[in-house]
Number of protein chains: 2
Amino acid sequence: MRPPGSARGPRPTSVARVPGIDYDVLDTLLGYALRRAQIAAFDAFYRATAGHGITPPRFTALVIVGANPGLSQTVLGRVLGIARSGAMLLTDWLVRRKLAERRPHPEDRRSWGLFLTLRGESLLADLKRTVRAHDGQLGGTLTETQRRTLLRLLRQLAE
Amino acid sequence: MRPPGSARGPRPTSVARVPGIDYDVLDTLLGYALRRAQIAAFDAFYRATAGHGITPPRFTALVIVGANPGLSQTVLGRVLGIARSGAMLLTDWLVRRKLAERRPHPEDRRSWGLFLTLRGESLLADLKRTVRAHDGQLGGTLTETQRRTLLRLLRQLAE
DNA sequence: CTTGATTGTTGTATAGCATTACAATCCGCC
DNA sequence: GGCGGATTGTAATGCTATACAACAATCAAG
């Protein structure tokens, strides 16, 4: 049984193929291959951040706030592709964990500037290391060249 | 206002990069590139299936049932990587839309065999065409060779 | 025939969003 | 300088897609 408030994070979905099943057209679709690959990536991410309650959007938020101190919640939401209300909930979570803080924006009294706390900086540094390590292992069977090719093609795909 | 039961499907998340933002380490992570690419792929899928209320898992379910008639809900769940209860809800949706039906399994009175209806077969044929077309356009700027390379690398990544 | 596993089902809970509405504030224009 | 429209954060509400646990019916193995 899971204590409701504990840092647990989501459970990774299985990526294993079921033997004896015909996957038909799915095997020719980029979209489906992307989904499977992303499940594997999520699995690696989950292992890297186990126990911290960190999810991909939360990690992204930490990185973005860390690299762009003082940005507003609205901008954070746009970066993450979520609504303002969602960006606020996400920020609430970071603030509650004392990883980030809202400071009054010097030039706009409607908005906050977001900053990492020392604790946030430190956690982010740790996370960057482990996430990068697990992301590297992700292409376990991929050579460094293949990895770079994949990265380039993915980026090109997303325009 | 959305009529609750209408076929509407989820809204695609934006994939656009926000100018003036430093994405820091994210740009070196396969996991992040995968996420962005998948958003683009989902967008293409959404356009392909607009108005049918079809989501990726539903499409996958249609394809799998179509190519493996008579399979059970439990197996369908395993293929999709979801719990049995979820597979049941998904099946309920297909049955309600008269796209699939449950027939008593000849050898196991606990389970159902899943089959597409004629309507399901026909919709699936349509969907395969449009989804494949949009999936092809997905790599708009990708050459056919690049597309095949990407597919191969993605498959290798997911083992 | 009994014991343990499996299947579908139901009920309950949760996370993660969206949508809408609102007050405070900003900005451009008269 | 003041007014109207846009923008910001926030709150309230709701939905969707999942999970998990518990249950009866059924199967399978000894």
Side-chain angles (χ1 to χ4, degrees), chain A residues 1-14 35 39 42 46 53-61 65 70-97 100-114, chain B residues 1-14 35 39 42 46 53-61 70-96 100-114:
Chain A
M1 185 184 311
R2 287 164 164 180
S6 75
R8 65 189 190 288
R11 229 206 28 185
T13 317
S14 160
R35 179 179 138 74
I39 290 174
F42 183 81
Y46 178 75
I54 294 290
T55 59
R58 285 170 189 164
F59 174 71
T60 305
V65 174
L71 89 171
S72 74
Q73 290 181 187
T74 298
V75 172
L76 178 62
R78 253 202 298 274
V79 173
L80 293 171
I82 61 180
R84 282 199 324 272
S85 54
M88 185 222 166
L89 262 27
L90 188 48
T91 305
D92 277 353
W93 189 90
L94 296 176
V95 170
R96 214 176 314 123
R97 296 291 190 293
E101 57 187 18
R102 296 184 236 241
R103 299 189 204 153
H105 194 289
E107 292 169 2
D108 189 337
R109 264 178 302 174
R110 290 172 302 179
S111 59
W112 304 102
L114 302 181
Chain B
M1 185 187 311
R2 289 164 163 178
S6 76
R8 66 185 187 290
R11 229 207 26 185
T13 317
S14 160
R35 180 179 136 74
I39 290 174
F42 183 81
Y46 179 74
I54 294 291
T55 60
R58 284 170 189 165
F59 174 71
T60 306
L71 90 170
S72 74
Q73 289 181 188
T74 298
V75 172
L76 178 62
R78 253 202 298 275
V79 172
L80 293 172
I82 62 179
R84 267 175 318 156
S85 52
M88 187 224 163
L89 261 27
L90 188 48
T91 306
D92 276 353
W93 189 90
L94 295 176
V95 169
R96 213 175 317 121
E101 57 187 18
R102 296 183 236 242
R103 299 190 204 154
H105 194 290
E107 290 168 3
D108 188 338
R109 265 177 303 172
R110 290 172 302 179
S111 59
W112 303 102
L114 301 181

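Protein chains get the first letters and strands the later ones, always in sequence-line order, with residue 1 at the start of each.
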In whole angstrom, give the distance that lies between atom [atom1] of [X] and atom [atom2] of [N].
| X | N | atom1 | atom2 | value |
| --- | --- | --- | --- | --- |
| B:W112 | D:dT26 | CH2 | C1' | 13 Å |
| A:F42 | D:dT18 | CZ | P | 13 Å |
| B:L80 | D:dT16 | CG | C1' | 16 Å |
| A:D108 | C:dC26 | CG | P | 5 Å |
| A:L89 | D:dA12 | CG | C1' | 12 Å |
| B:L94 | D:dA17 | CG | P | 12 Å |
| B:H105 | C:dG8 | NE2 | P | 9 Å |
| B:M88 | D:dA22 | CE | C1' | 15 Å |

Would you say C:dG16 has OP1 or OP2 under 4.0 Å from some side-chain N or O of A:R58? yes

Given C:dT6, is OP1 or OP2 found less than 4.0 Å from the side-chain N or O atoms of B:S111? no

Just checking [X]: base, sugar-phosphate only, or nothing, at a heavy-atom cut-off of under 4.0 Å?
| X | result |
| --- | --- |
| A:A83 | base |
| A:S85 | base |
| A:R109 | sugar-phosphate |

Nearest heavy-atom contact between A:A87 and A:Q73 is CB-O, 3.5 Å

Which pair of heavy atoms, one from A:A61 and one from A:L94, lies closest together, and at what distance? CB-CD1, 4.1 Å

Point-to-point distance, once rounded to the nearest 0.5 Å, from CG of B:L80 to CZ of B:R58: 12.0 Å

Calculate, to the nearest 0.5 Å, the distance between atoms CH2 and CD1 belonging to A:W93 and A:I54 respectively. 4.0 Å

Test side chain to side chain contact (heavy atoms under 4.5 Å, CB included) applied to B:L89 and B:D92, step by step: CA-CA 5 Å; B:L89 261 27; B:D92 276 353; 4.3 Å; yes

Distance-only donor-acceptor test (3.5 Å): side chain A:R110, base D:dG9: no

Mapping B:L90 and A:R102 to their closest nucleotides on DNA chain D, which lands nearer the 5' end? A:R102

